[in-house]
Each structure stands twice: as structure tokens, then as C-alpha cells.
Number of protein chains: 2
Amino acid sequence: MPEPLYRRIAEDLLRRIESGEMSPGSQLPTELDLRESYGASRNTVRDALKWLITRGLVETRPGQGTFVVEEIDPFITTLSADPETGLGGGEGAAYLSEVRATGREPEATVPRVEIHQASGVVAAELRVDEATSVVSRHQRRLIDHTPYSLQTSFYPMDLVTRGATKLIEAADIEEGTVSYLSRTLGIKQAGYRDMITVRAPDRNETAFFKLPDNGRVAVFENFRTAFDQQGKPFRLTVTVYPADRNEFVINVGDVPARALRPGRPGAGGRRPGGQDSVSGSVGRNSREGLA
Amino acid sequence: MPEPLYRRIAEDLLRRIESGEMSPGSQLPTELDLRESYGASRNTVRDALKWLITRGLVETRPGQGTFVVEEIDPFITTLSADPETGLGGGEGAAYLSEVRATGREPEATVPRVEIHQASGVVAAELRVDEATSVVSRHQRRLIDHTPYSLQTSFYPMDLVTRGATKLIEAADIEEGTVSYLSRTLGIKQAGYRDMITVRAPDRNETAFFKLPDNGRVAVFENFRTAFDQQGKPFRLTVTVYPADRNEFVINVGDVPARALRPGRPGAGGRRPGGQDSVSGSVGRNSREGLA
DNA sequence: GCAAATTTGTTCGTATGTATT
DNA sequence: CAATACATACGAACAAATTTG
């Protein structure tokens with residue numbers, strides 16, 4: 001009772017991909033060729049390809065063929081505060097310089113400003129009633145002309161009426177909103193809390209990030225709530241990052257300057273699935289529940 | 001030319017799930033029933049179900065039927081340092097108490113200790129040659145009897161020969177390794193750096209976490225490098241967390257004590273995919289590239 | 001404990017549509 | 001326009017897992 005045929009075909013192709021026999025970007029034999037070489041029906045071959053597709057190893061292009069996927073050069077966002085500027089990390093103002101520091105070219109759209117009534121999460125995080133008006137500022141961000149993240153910040157409308165009128169202008173706030181709010185209203189960012197989750201992309205995200213519509217690539221979602229000196233939240237920033245091109249770093253305490261990713265983890269070529277990996281080794285004679 | 005039939009069926013089922021008409025845990029009509037009610041072939045119905053499966057909305061159980069998935073209560077790991085203890089965050093010693101603080105029951109296996117030669121990532125992060133011996137201590141961790149994470153820590157063998165002999169004992173170090181290394185060798189943890197990625201689970205992880213073998217649920221992988229007062233790395237901890245049951249929090253600067261998740265983000269019921277969500281709204285009249 | 005019924009899983013064959021070259 | 005290659009759809013049969021009688 002061996003494994004089903006489509007699995008055996010998939011595993012064989014997997015082996016050939018991981019061994020380097022088929023390199024990233026190269027084309028696999030056509031479905032009809034595979035049908036012959038494995039002596040299976042075309043549908044079975046397609047089942048094998050689907051198995052590889054959901055694992056992100058290959059992609060199909062109608063009219064062209066099936067290809068080994070090429071990895072995207074990931075961008076690393078540091079979520080903890082910059083020891084220099086004191087605060088920040090992956091946010092609007094700092095974004096452009098952070099990306100440029102890696103020798104890549106950042107782009108960000110002009111903020112799209114909207115006025116909403118605070119809904120569930122926004123109201124809860126900003127600690128305002130659900131009826132309250134909030135300002136949202138939304139930006140799409142790219143690196144080397146590839147979409148890398150979507151960011152939306154929410155501010156209580158209160159801040160605008162108290163004088164921070166630039167918040168409702170559809171233009172960049174060059175100095176950064178932290179600096180701007182400090183200067184105009186005396187609101188200082190004393191700290192922030194990030195809440196990170198992973199979920200499937202929605203329709204908009206799939207379209208903007210050009211993700212395969214098979215729901216394979218997940219997105220990070222980071223909810224950042226910024227607090228002032230009194231511990232009062234004054235901003236909620238929601239940023240969405242496709243997981244196939246983004247990584248995160250958090251520095252706590254005294255950490256030596258990064259040696260610019262000597263050998264980036266995560267990468268290191270394709271992972272040999274099945275062997276004991278760095279983290280794995282969950283018991284070679286596994287399957288025993290717990291001790 | 002509307003959307004393909006299997007997609008229309010899938011979207012209809014999606015709507016019925018999101019509307020609450022079919023609640024989490026409930027059973028969908030059988031494939032044969034769906035075949036009749038939609039007037040499609042069984043294969044087409046199965047294509048629709050596959051589409052929902054890869055998006056994590058339903059699951060099939062051979063011999064039983066197709067069910068709307070139930071969400072798992074996520075555990076939130078705080079990666080930043082505890083302001084009290086100074087350091088830590090999701091690590092061995094602190095793990096049990098962190099979980100208990102949420103009213104849930106933690107379990108951790110006895111560490112499995114192994115001696116390896118430092119390989120790629122481990123050697124690079126610990127800044128030792130590839131030939132050097134390192135000690136690894138591996139634990140499986142559960143919450144309420146459900147597997148939640150896998151953790152492996154690597155230490156240069158050096159530390160053992162200098163006197164930290166407990167590192168090669170297959171037993172818990174009650175006080176925590178940070179405290180132990182400080183007491184025996186005077187090595188103080190001055191800080192640490194976390195590098196977070198998301199990837200597909202390997203075979204071991206799929207088995208241990210009981211993930212669907214369709215590669216849908218991704219895992220977080222956190223590489224934590226701990227540094228001593230001289231900025232020298234003395235430990236690398238790799239922790240793997242299934243993304244369907246884990247979230248992360250990072251506190252930077254002064255952040256008020258959390259109001260114990262007033263309304264947890266991430267959740268809020270099922271996401272209405274397609275509508276403008278909190279983060280989304282990437283242009284209702286979207287598809288225009290960039291301004 | 002076994003047999004039958006139910007339900008999903010695998011595999012084949014075939015035909016036609018759509019995208020790209 | 002033609003050829004190529006993947007996408008969708010139908011029908012059919014048997015296998016495997018689970019529940020039920």
C-alpha cells in the first residue's frame with residue numbers, strides 16, 4: 001500500500017527540485033510529457049503539480065508551462081526602536097530611509113486620507129467609542145517597483161480639531177507624524193505595542209501584491225498602537241506584509257550592530273523537507289505522543 | 001464569461017459560511033448533495049471544496065464529511081523583554097509561568113540534548129567555525145494538551161568545558177539558562193535579537209502540530225541570538241510556531257499594561273474577504289498601478 | 001466483532017475553453 | 001491563424017476511512 005500515485009510523482013519532482021536538478025525559474029516538462037514519463041493520466045499529473053503548487057515550489061502559467069518558483073529577495077523590517085532616533089521602526093517617515101540604507105529603491109504612494117467612524121478594532125485600540133470619527137491615512141509601498149507592504153494609520157479626529165490639521169491633508173508629512181504631533185500638540189510617543197499575526201490575504205491584497213490566487217502566500221498583519229506620555233493611545237497603524245518577501249527583526253537590550261546578514265537564516269537554499277532541519281528533529285522515531 | 005463554475009460554487013459556500021448560516025464545526029452537505037443542489041459534477045464540487053480548503057475555511061474528514069473549521073484560541077507570546085525580570089520572552093524558563101498567567105495549562109518535554117557540529121546558520125549566528133561542537137537542547141511545548149511550539153537552543157560546547165555542565169544534562173534547568181550561565185560563568189545576557197520569518201512546515205512539524213498535510217498552515221520561525229556584555233553571541237534559540245494558533249506582541253518604550261486583549265485584533269469573527277477591511281481598502285477602483 | 005451503508009480519496013478517460021507564442 | 005500548454009468540466013469506477021446496524 002504505497003502512497004497514492006500523484007504523491008509519488010509529486011515527491012519525485014520535489015526531490016529533483018531540491019537536488020538542484022531543476023533550478024529556480026526553469027521550466028518543468030509539460031503535463032503531457034509528465035503523463036508519458038510517469039505513465040499516469042494527465043489528471044493525476046495535475047494533482048501532483050497542485051500538491052507542489054500549494055507548497056509554493058512551482059507555479060503554472062497558462063499557455064506557457066510549469067516553472068520552479070524563484071525566491072524573492074526579502075526585505076527585513078526592524079520592529080524595535082532605532083537606538084538613534086529613539087522611536088520608530090518600519091513606519092511611514094522612517095520607511096524611505098530604511099529601505100535606501102539597504103541599497104534598494106523605495107516608493108510610497110501619496111497618502112489616501114479618509115474619515116471613518118471607529119469600528120471594532122480601531123475603536124478598541126484607540127480607546128474611543130464606536131461612533132467617534134477617526135482619520136485614516138493609507139499608503140501603498142514598494143521596493144524596487146515590487147509591492148512590499150500596505151499601511152493604514154488611524155488617528156482620533158480629536159487630534160485634528162486640536163490643531164494637527166496636516167493629518168487630513170492628502171500629502172506626506174515630511175518630518176514624520178511623531179515629530180509633527182509633538183511639535184503641534186506636544187504629544188510625545190512614549191512607546192508602542194506591536195501585535196503580529198499571520199492570515200490569508202483578502203482580495204485587495206492578493207491583487208495589489210500580485211499573489212497567486214490560490215491562497216498560498218499568507219500575509220503578516222502588524223497592529224501597532226502608539227502611546228503618549230500618559231499611556232493614552234493616539235495612533236493605530238495597521239501594516240500588511242506578504243510573507244514571501246518580508247522578514248522581521250527585533251532588538252532587545254544591547255545588541256551589536258548587525259553584520260548585515262552574514263548568512264541570512266530563513267534562506268540557505270531550499271529546505272530539505274523531511275530531513276532533520278535546524279529547528280526540526282522532532283524525534284526521528286517520532287509519533288510517540290509525549291513522555 | 002463569468003467565473004468558472006467551481007469558483008461560483010465556492011464563493012456561494014463562502015458566503016454561507018461567513019454569513020453564519022453555517023457555523024464553525026458544523027457539517028456541510030455531502031459532495032453528492034452539493035452535486036445535486038448545484039447541478040454540477042462531483043469533481044467540480046470537489047474543486048470548489050479544495051478552493052475553500054486551501055483558504056482554511058473548511059476541512060474534510062474521510063468517511064465523515066466536510067466541516068467548517070473551528071478556530072483555535074491563539075496564544076500570545078511577548079517577544080520583548082519583561083520589564084520586571086529584565087530579560088526573557090517566550091523562552092524555556094519563562095514559558096511555563098507565561099502560559100499559566102493566561103489561565104491555560106502548559107506542558108514541555110524533557111530537553112533532548114544532542115551534540116552537533118555547527119552548521120550554516122548555527123555557526124554564523126554563534127560566530128564559530130563550522131567544525132566547532134555545539135550543544136543543542138530541544139523541547140516540544142504544548143498548551144492545554146495541544147502542541148503549540150518547538151524550541152531548540154544551541155550553545156557553543158566551549159561553555160560546557162568552562163563549567164556549565166548542566167547544559168549537557170537531559171533535564172530542565174529550573175532557574176533558567178540565563179541565570180545558570182550568569183551564576184556559573186558570569187555570562188550575563190545583555191540583549192538579544194529576534195529574526196522572524198514565515199515558511200511552510202516540514203514533515204516533522206506537520207506531524208507534531210497535527211497540521212493538515214496540504215501545506216496550508218504556515219509556521220513562524222524565530223531565530224533568537226542572545227549576546228553577552230561584550231556583544232558576543234552565546235546562544236541561538238530557534239522556535240517554530242504554527243501560525244494558526246500563535247500571535248506575537250512586542251512592547252517598545254513605555255506601554256501601559258495590556259488590558260488583557262479587550263477585543264483581540266486578528267479575530268473579530270471571520271474576515272469578510274473582498275470587502276474593504278481595516279487594513280485593506282487598496283482602492284475600490286483598484287488595479288491602477290501606482291500614481 | 002462483522003457487515004453494510006455512507007462519505008471522501010484516487011485514478012482514469014474525454015471533451016472543450018482560454019491564454020500565450 | 002495555428003500550435004502549444006494549461007484550465008475547466010463531465011462521467012465513471014474503485015479504494016479507504018468511518019459510522020451504523
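All values derive from a computational prediction rather than experimental measurement. The basis for the numbers below is simple: all heavy atoms, side chains too, and nothing from hydrogens, waters or symmetry mates. The sequence lines fix the lettering, A, B, ..., with proteins before strands; numbering per chain opens at 1.
One atom, CG of A/Leu34, and another, C1' of D/dT4, lie 15 Å apart when rounded to the nearest Å.
A donor-acceptor distance shorter than 3.5 angstrom exists from the side chain of A/Asn246 to the backbone of A/Tyr148, with no hydrogens or angles considered.
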Exercise answer: donor-acceptor pairs, residues 47-57 of chain B side-chain atoms, under 3.5 Å, sequence neighbours excluded:
from	atom 1	to	atom 2	distance (Å)
B/Thr54	OG1	A/Asn214	O	3.4
B/Thr54	OG1	B/Trp51	O	3.0
B/Arg55	NH1	B/Trp51	O	3.1
B/Arg55	NH2	A/Asp213	O	2.2

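Applying the side-chain contact (heavy atoms from CB on, under 4.5 Å) test to B/Pro29 and every residue at least two apart in sequence or in another chain returns B/Met22, B/Asp33, B/Leu34.
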Sugar-phosphate means primed atoms, P, OP1 and OP2; the rest is base. With that split, encode nucleotides 7-15 of chain C 5' to 3' as B, S or - using protein heavy atoms under 4.0 Å. BBBBSBBB-
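Relative orientation of the A/Phe220 and A/Phe248 rings is perpendicular, given thresholds of 30° and 60° on the angle between their planes.
Here the shortest heavy-atom pairing between A/Tyr95 and A/Leu142 reads OH-O, 3.1 Å.
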